[in-house]
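In the text below, chain A, chain B and the rest are named by the order of the sequence lines, each starting its count at 1.
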Amino acid sequence: MKHYKRILVTAALPYANGPVHIGHLAGCYLPADIYVRYQRAQKRDIKFVGGSDEHGVPITIRAMKEGVSPQQIVDKYHAIIKDSFEKMGISFDIYSRTSNAVHHHTSADFFKKLYDAGLFEEKETEQYYDEQAKVFLADRYITGTCPVCGNPNAYGDQCEKCGSALSPEQLISPRSTLSDAVPVKRKTKHWYFPLQNYEEWLKQWVLEDHKEWKNNVYGQCKSWLDSGLQSRAMTRDSSWGVKVPLPDAEGKVLYVWFDAPIGYISATKELTDKWEDYWCKEDTKLVHFIGKDNIVFHCIIFPSMLRAHGNFVLPDNVPANEFLNIEGDKVSTSRNWAVWVHEYVKDFPGCEDVLRYVLCANAPETKDNDFTWKDFQDRNNSELVAIFGNFINRALVLMHKLCGGKVPVFHNDIIDSTDQQLIADIKQAVEKVTRNLEEYRFREALFEVIELSRKGNRYMQEKEPWIKAKKIAEGGEAAERAQKEIDNCLHLSLQLTANLAILINPFLPGTAKKILHMLKVVEKMLDWENAGSLKLLSVGYSLRAPELLFRKIEDSEIAAQIEKLKANAVDKATVAAPPAEDKADTLVLKPEIVYDDFAKLDLRVGTIDAASKVEKADKLLKLEIDLGFEKRTIVSGIALHFKPEEIVGKQVVVVANLAPRKMRGIESNGMILMAEDKAGKLHFVKPEDAIAPGAGVS
RNA sequence: GGCGAGGUAGCUCAGUUGGUUAGAGCGCAGGAUUCAUAACCCUGAGGUGAUGGGUUCAAUUCCCAUCCUCGCUACCA
């Protein structure tokens, strides 16, 4: 095990085009915060950095839709997100943002260094261009009708209604979201980062040197590395982002995924002049907390960038969590199926720790997990209120009733095996919690804390000080003995309470503070080195009156939340089947052409002689078409609409002079014309009566 | 289609480098108790470990196939 002198923890930069929901918290911010708070209690040199990711196309689109500038969008959400984190006690040392100057300089310098070292490939490709707005269009800027589900507002990279991954070419009647113009192709130059050059090194570094990474992380990296890496464009045509620091790069910015992780470096720079200690010294332990959607960027791309740059340390671990579902359905921002953090803190003021508890106790550490409001209520009422809170409350109440409000003496002469067992349990719990926290098993660690308070309840049940109190009235030797036993029970219970404050602190910092207040001790007591000690509270010290740590959560509150969730959600059915009248959008005509444009097409009638599914392709059929004068193979993406056997013998119209194109290794010579109905179903375009194959169409 | 992660008690989830009766919490049933937010504590019922094969003295754990869920990814000229 390597020895580290300092730790740098990062949490994924949330994208500033919306607020954060509880899935974000459970996925990375909460585990990161728990880890950081624990390490701080260990008095280790640790920094916790984060910030808003404010570049990229979706933000510009949102800005356009709302008629404001991108900066206004990110200002708005940056503030909301930052506030949500503060309220939930996510204790960043700095929460920065990628739109500020430090970050622009840092990421531009980073790019320039790789450029100067000749580590990029320059490539010219054809991209869609909006001649009216005079800008290149990223896939997201192009909308049109989804060829799969008929949604008229599908994006060029994805249809958000049916989830199909698309490319702009597939859209029916594509148009620019900027000007509504029909996009045209134009050449543009970009800088590509050749990830394949780092493949061998990555295989060693990830697959051999980091076998201890979590299963889900390791497996996904292996999947990527086994399938081979390719160059990725690290620049984009856009006006919003970090300008590419080269003379011939007007209108080009860094790809948001190039600049976002560099945001960790920028934020550290802002935080401290000693930022290089955390980024450039080998004895720094760098840990990235992320959700599973970010694994490839943090385990493959960013490390390759850091390696190429050469001056930076690489992550020691990337403990990515899986996803948190809500009430059985996966979180969807477009359907508004989510529990938003800024709304939670309003609806449940003072219950921030309860959410922290539930999200940690049921964190998706090994697989996707489900959040339900019922579970939220159950865990609060039966674990926080009935076990943890109850133990501390009864210890303090009894102490006030039976020991005059002061920490009683511990009488060593009557210590018994029950006492000794409790003492052993405390020490063992400290060990377990510590080990689990070090190894990123936060759920297990938290369970051990609650388990310890459960043992406290058991201990008290066995000692029954309230029964012994009855003997005191009798007077004499029996009374004296009873008081000593009561003293011992409550002395240990109070020391346990103090220990619970230390152990619960990383998870529920607000709760730990409340306990400190009741015990009238200073925050210093929470130092981790004090965990396991039985001398945290001095004998004779008077304590405050107990207050309840948690309140019960009523059925009505839960019902209201479920109601709210369902009322605000966009109906699934609405999403899946867009209203038919929206198809009117397809009425927008393409630009006018002249006869010669049309005459270039050679359209022929053909007969399908044979059809078969293309291996390893969901959507492709391989068709043998008889054109009379010759037979051809045409590959067509219609497998989802037709079974091969039901289309053999049918006549179709073929674009016969289309350039050949290979798909899945099969050369396709031409294309079949199809018409799409309102339901998105495809129909062949064919002559009314069967005619000889090869007949021209004009 | 390929790859990855999962499929374990009514529910939410652990665990097993293969080894005697597979765990926890909640829920449920019964008991005990009254210091405590009708809380705590004890006892109990509940699982053909997705399905079907194989390796082994022994598999829930290893191998193969199949089915299901989630994620990444390919194909629509």
Side-chain angles (χ1 to χ4, degrees), chain A residues 147-148 164-167 169-170 214-227 291-293 295-296 320 322-323 325 330 358 361-372 374-379 381-387 389-402 441 443-444 447 450-451 453-454 456-469 486 489-490 493 546-552 613-621 634-641 655 658-666 668-674 682:
Chain A
V148 181
S164 305
L166 304 172
S167 68
E169 290 88 342
Q170 297 169 244
K214 289 173 60 172
N215 273 348
N216 55 338
V217 176
Y218 187 90
Q220 207 175 117
C221 290
K222 190 170 184 326
S223 169
W224 271 77
L225 291 170
D226 286 350
S227 59
K292 70 172 166 183
D293 50 331
I295 289 172
V296 61
E322 301 279 300
F323 286 154
N325 296 328
K330 56 181 165 178
V358 174
N362 192 27
E365 286 181 6
T366 56
K367 64 174 184 186
D368 290 358
N369 278 355
D370 198 29
F371 173 92
T372 63
K374 183 76 175 74
D375 182 60
F376 170 85
Q377 180 192 24
D378 283 347
R379 285 189 184 274
N381 291 355
S382 59
E383 291 169 28
L384 289 180
V385 174
I387 307 287
N390 183 229
F391 169 72
I392 291 173
N393 186 50
R394 65 200 294 210
L396 281 155
V397 167
L398 278 171
M399 180 273 299
H400 279 283
K401 280 188 184 168
L402 307 179
R441 288 192 301 264
R443 184 168 53 191
E444 178 72 11
F447 175 80
I450 299 303
E451 186 60 23
S453 62
R454 188 172 263 124
N457 278 319
R458 225 169 268 162
Y459 171 76
M460 217 171 248
Q461 197 64 33
E462 188 149 338
K463 290 284 183 174
E464 296 181 312
W466 52 91
I467 302 282
K468 287 168 183 157
I486 290 169
C489 170
L490 289 172
S493 294
E547 315 161 17
L548 297 179
L549 291 172
F550 307 98
R551 69 172 181 85
K552 280 199 138 195
K613 258 203 113 225
V614 175
E615 286 279 303
K616 302 177 182 180
D618 288 350
K619 301 176 188 170
L620 298 183
L621 288 187
I634 293 180
V635 179
S636 184
I638 58 173
L640 296 178
H641 296 83
V655 182
L658 193 67
R661 156 105 183 199
K662 260 196 174 181
M663 277 178 279
R664 295 269 95 192
I666 302 165
S668 176
N669 297 286
M671 127 178 213
I672 312 285
L673 295 189
M674 307 293 298
L682 297 181

Restricting to nitrogen or oxygen on both sides, can you table the protein-nucleotides 36-40 of chain B pairs closer than 3.5 Å?
unit_1	atom_1	unit_2	atom_2	d
A36(B)	OP1	Lys401(A)	NZ	3.0
A36(B)	O3'	Asn393(A)	ND2	3.2
A36(B)	O2'	Asn390(A)	ND2	2.7
A36(B)	O2'	Asn393(A)	ND2	3.0
A36(B)	N3	Asn390(A)	OD1	3.3
A36(B)	N3	Arg394(A)	NE	3.3
U37(B)	N3	Phe550(A)	O	2.6
U37(B)	O4	Phe550(A)	N	3.2
U37(B)	O4	Phe550(A)	O	2.5
A39(B)	OP1	Lys552(A)	NZ	2.7
A39(B)	O2'	Ala386(A)	O	3.4
A39(B)	O2'	Asn390(A)	OD1	3.4
C40(B)	O2'	Arg394(A)	NH1	2.7
C40(B)	O2	Gln461(A)	OE1	3.0

Contacts under 3.5 Å, N or O only, protein and nucleotides 59-62 of chain B:
none

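Residues satisfying the salt bridge (charged side-chain N to carboxylate O under 4.0 Å, His left out) criterion with Asp375(A), sequence neighbours excluded, are Arg379(A). By the side-chain hydrogen bond (donor to acceptor under 3.5 Å, both in side chains) test, Glu462(A) is found to be paired with Thr418(A), residues two or more places apart in sequence or in another chain being considered. Under the salt bridge (charged side-chain N to carboxylate O under 4.0 Å, His left out) criterion, Arg443(A) pairs with no residue at all, not counting sequence neighbours. For Ala386(A), there are no side-chain contact (heavy atoms from CB on, under 4.5 Å) partners at least two apart in sequence or on another chain. Scanning for side-chain contact (heavy atoms from CB on, under 4.5 Å) contacts around Arg458(A) gives Glu451(A), Arg454(A), Lys455(A), with sequence neighbours left out. A search for side-chain hydrogen bond (donor to acceptor under 3.5 Å, both in side chains) contacts involving Asn669(A) returns nothing, not counting sequence neighbours. Not counting sequence neighbours, the partners of Lys374(A) by the salt bridge (charged side-chain N to carboxylate O under 4.0 Å, His left out) test are Asp378(A). Partners of Lys214(A) by salt bridge (charged side-chain N to carboxylate O under 4.0 Å, His left out), not counting sequence neighbours: none found. For Asn369(A), the side-chain hydrogen bond (donor to acceptor under 3.5 Å, both in side chains) partners at least two apart in sequence or on another chain are Asn362(A).
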Reading nucleotides 3-12 of chain B 5' to 3', which nucleotides get B (base under 4.0 Å from a protein heavy atom), which S (sugar-phosphate only), which -? BSSS-----S
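Comparing the same atom, C1', in U51(B) and in U73(B) gives a spacing of 28 Å after rounding to whole Å. To the nearest whole angstrom, the two P atoms, one in A38(B) and one in U43(B), are 24 Å apart. For the C1' atoms, the distance from C70(B) to U34(B) is 49 Å, rounded to whole Å. C72(B) and G18(B) are spaced 32 Å apart, taking the C1' atom of each and rounding to whole Å. Comparing the P positions of A58(B) and G2(B) gives a spacing of 33 Å, expressed to the nearest Å. For G25(B) and U69(B), the C1' atoms lie 24 Å apart once the distance is rounded to whole Å. The same atom, P, is picked in U60(B) and in G7(B); the two are 15 Å apart, to the nearest Å. Straight-line distance between the P atoms of A50(B) and G10(B): roughly 13 Å, to the nearest whole Å.
Taking the O4'-C1'-N9-C4 or O4'-C1'-N1-C2 dihedral as appropriate, G31(B) has a value more than 90° from 0 and is therefore anti.
A heavy-atom distance below 4.5 Å is found between the side chains of Cys221(A) and Ile295(A).
Taking atom CZ of residue Phe447(A) and atom C1' of nucleotide C26(B), one finds them 12 Å apart after rounding to whole Å. A24(B) atom C1' lies 8 Å from atom CD of Glu451(A), rounded to whole Å.
Under the Watson-Crick or G-U wobble criterion, with both distances below 3.5 Å, A39(B) has no partner in any strand shown. Checking G44(B) for Watson-Crick or G-U wobble geometry (two distances, each under 3.5 Å) identifies C28(B) as its partner.
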Evaluate salt bridge (charged side-chain N to carboxylate O under 4.0 Å, His left out) for Glu322(A) paired with Lys292(A), printing each intermediate quantity in order. CA-CA 5 Å; Glu322(A) 301 279 300; Lys292(A) 70 172 166 183; 3.3 Å; yes
